[in-house]
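Data first, discussion second: the structure below is written as structure tokens.
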Amino acid sequence: MTLDMRELYQEAILDHNRKPRNFHKLEGTSRTAEGYNPLCGDKVKIYLKIENDRVSDVSFEGSGCAISIAAASMMTESVKGRTLSAVQRLFEKFHALLTDEADAGSELIELGKLVVFAGVREFPVRVKCATLPWHTLRAAIGNKPETVSTDALPLSGRPSLTTNRVREIENKVIEVLRTVCDPEIPVNIYDLGLIYGLAVEPSGTVAIRMTLTAPGCPVAWMILREVDRKVRTIPGIADVKVDLTWDPPWSRDRMSEVAKLQLGL
Amino acid sequence: MRPSQGNGPNQRSPRSPLDVSRTREDFPILKQLVRGKPLVYLDNAASAQKPQAVIDALSHFYSTNYANVHRGIHWLSERATETFEAARRSVQRFIGAAEANEIIFVRGTTEAINLVAQTYGRTHVQAGDEILISTMEHHSNIVPWQMLCQATGAVLRVAPINDEGELLLDEFEKLLHPRTKLVAIAHVSNVLGTINPIRKIVEIAHRHQVPVLVDGAQAAPHVALDVQALDCDFYAFSGHKLFGPTGVGVLYGKASLLEAMPPYQGGGHMIQSVTFEKTIYNKVPDRFEAGTPNIAGVVGLGVAIDYVSEIGLEAITAYERELLAYAMDQLSRISGLRLIGTAKEKAGVLSFVADEVHPHDLGTILDNEGIAIRAGHHCAQPLMSRFGVLATARASLAFYNTREEIDALTTGIRTAIEFFT
């Protein structure tokens, strides 16, 4: 096996993949969340117990690649006993380790064993394998019932936008969404009714909740990427979060009059 | 020069066996190194690579003959139109259609199926009617029918398969009812490689007066086609899997059916006359080709088809069959590897799962060796659940793949299994 692969699949990752820790259902808690990667079918379910704002117990079940299983396994080990704010800090550091251009430097110490995931940064398509369990854990902490599906990270330290500016940006986002077309149906995704939610936060983060006309295919990824890429070009935006949801499923009556006219319905 | 074998000058006889080292020369992309290793491209079911002839044709067309088609009265537009329509005749010959008018250019197999669902489907299918598909369909031969069912109140029926991945013909026939309005079925499964007995399926369906749409996306590059002999009513395939450009594909339909179908999209070219009160639609196939088509794409597809025809589907099938048998044999020797899709009639698609290695990890390890395979659900989630897996790894062959590449794959898989256990 080459060095590249050894760097990605560190011995600790292989070990946790072979023998995942805390890999079971946790009895006596209703605090759970499920994570799903619609592109590869990986699934994870997190069970959580919180006492006095501290993770008293955590476990997981699921199936996935070595990266996602090891990430979930090592996550359960590193968050057990921590306060919720410490967990949040750890998550942010972990995410930075996988995605930031700059080297995490001194923060590596705080990450402890989790630094073995540093190699994942060189494999952008695999980053979500490692972060899915963490996003799912956050959902469990927040007691959010819906399945976690894509990345979302809070930003901090930016000046707030005025209400007028927020509205302006919202309009620009809609304008941009109208330039993205569904490959199956030649109408833009906004008029097709694929956008379920659009919020511009004062921090400059644009959150978009959207669906697609048909579940599953790799095009899904392409459309989300296109939305992300195009919306990002709007001046004044700090970050973009695109969430894919299948609930409720899209139907034709979500289309705008413009779209219906365009399709001759 | 190679000696001519009685099939006219400068032409390879369709019976001459395929010379793979010569064929590989035609594909510039295959010569490159990936991660310092020779590229082993085994993701042909996702998309096939392009021969120099196709790459050059696009450049040549744009450099010399390009204009909009079917519109201009000028010289260049006429030339472009001629080249475009010549491609339609190439497709006609390639699939054995009775008329060039039966060839509709679309964006790909997906659009072809949606076209039939939204035109033929919308006019023939009512609440309580049934559409019959099979377990091994790609999402693009499931979802358009679900959408149609949702809109009309019709019901989607699914014919089961056995553990080898073969359609159960008896069960299939039992599912044909007086209210079945259409059968939609893959010619070749994109996950299992199963070649469905289309001639037989059509015969059975027609006995029940049910027309048949064939999803030929995975068949067109590997199996000699004759739509008249198959007697299917619709046949759909994509250009990009057939060594042509992306964004172009073909819907074949029997003229009698196409002529009775309403248009798909409204726009330019699909009309004879337009007033604000009434629009008279154009004849077939123009009625289904609204707007400026993918002109260069169509031209490129024509060239790809000519290229493939020159090598000959018979030679391709024979070569790929042998390569598949070798690959199946090699992979079946790897302990801890399970092959999914072991039909007797099978094209060059190998899906497998390893006990100890997740398909994505396998994909990453192989990629690191320069070997391109696909890992995931292959847009066939219902089929994944039929075999009790969430994902598989898939190697898919084309006529430019070699035994050495299969060996590289086998070695890569063994290394990965060792690494993870």
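Owing to the predicted nature of the structure, the values given are computational and were not obtained by experimental measurement. Hydrogens, waters and symmetry mates play no part in the numbers below; they use all other heavy atoms, side chains included. Just so it is clear: chains get the letters A, B, ... in the order the sequence lines come, proteins before strands, and each one is counted from 1.
- For the residue pair A:Thr131/A:His95, the side-chain donor-acceptor check at 3.5 Å is not satisfied.
- Proximity to chain A (any heavy atom under 4.5 Å) is restricted, for B:Thr421, to the backbone atoms N, CA, C and O.
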Exercise. Which is it for A:Leu97 and A:Arg121 under the side-chain contact (heavy atoms from CB on, under 4.5 Å) test, yes or no, and what are the steps along the way?
Worked result: CA-CA 7 Å; A:Leu97 175 76; A:Arg121 188 164 48 185; 5.6 Å; no

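- Proximity of B:Phe352 to B:Ile340: side-chain heavy atoms (C-beta onward) are nowhere separated by under 4.5 Å.
- At a 4.5 Å heavy-atom cutoff, the contact between B:Gln118 and chain A is made by side-chain atoms alone.
- With chain B as the partner, the residue from A:Leu8, A:Leu263, A:Asp42 showing the most heavy-atom pairs under 4.5 Å is A:Asp42.
- Atom CG in A:Leu192 sits 11.0 Å away from atom NZ in A:Lys260 (nearest 0.5 Å).
- Using a 4.5 Å cut-off between heavy atoms, B:Met384 makes no contact with chain A at all.
- Checked options A:Arg178, A:Glu175, A:Met210; the residue passing with A:Tyr190 is A:Arg178 (criterion: side chain to side chain contact (heavy atoms under 4.5 Å, CB included)).
- Contacts of B:Arg35 with chain A are absent, with no heavy-atom separation under 4.5 Å from either backbone or side chain.
- Your options are B:Thr110, B:Leu390, B:Val143, B:Thr364, and the one with the most heavy-atom pairs under 4.5 Å with chain A is B:Thr364.
- Only the side chain of A:Phe123 comes within less than 4.5 Å of a heavy atom of chain B; its backbone N, CA, C and O stay farther away.
- The ring pair (Phe, Tyr, Trp, His ring centres under 6.0 Å) test applied to B:His240 returns no partner, not counting sequence neighbours.
- The part of B:Gln265 that comes within reach of chain A is its side chain, from C-beta onward, which places non-hydrogen atoms under 4.5 angstrom from that chain.
- Of all heavy-atom pairs spanning B:Arg287 and B:Pro262, the tightest one is CD-C, 4.3 Å.
- For the residue pair A:Asn17 and A:Tyr9, no side-chain donor N or O sits within less than 3.5 Å of a side-chain acceptor on the partner.
- In this structure, the portion of B:Asn114 lying under 4.5 Å from any heavy atom of chain A is its side chain and not its backbone.
- Checking B:Ser134 against B:Glu137 by side-chain atom types alone, a donor-acceptor pair falls below 3.5 Å.
- Using a 4.5 Å heavy-atom cut-off against chain B, the contacting residues of residues 58-71 of chain A are A:Ser63, A:Gly64, A:Cys65, A:Ala66, A:Ile67.
- Expressed to the nearest 0.5 Å, how far CE of A:Met255 lies from CG of A:Leu261 amounts to 11.5 Å.
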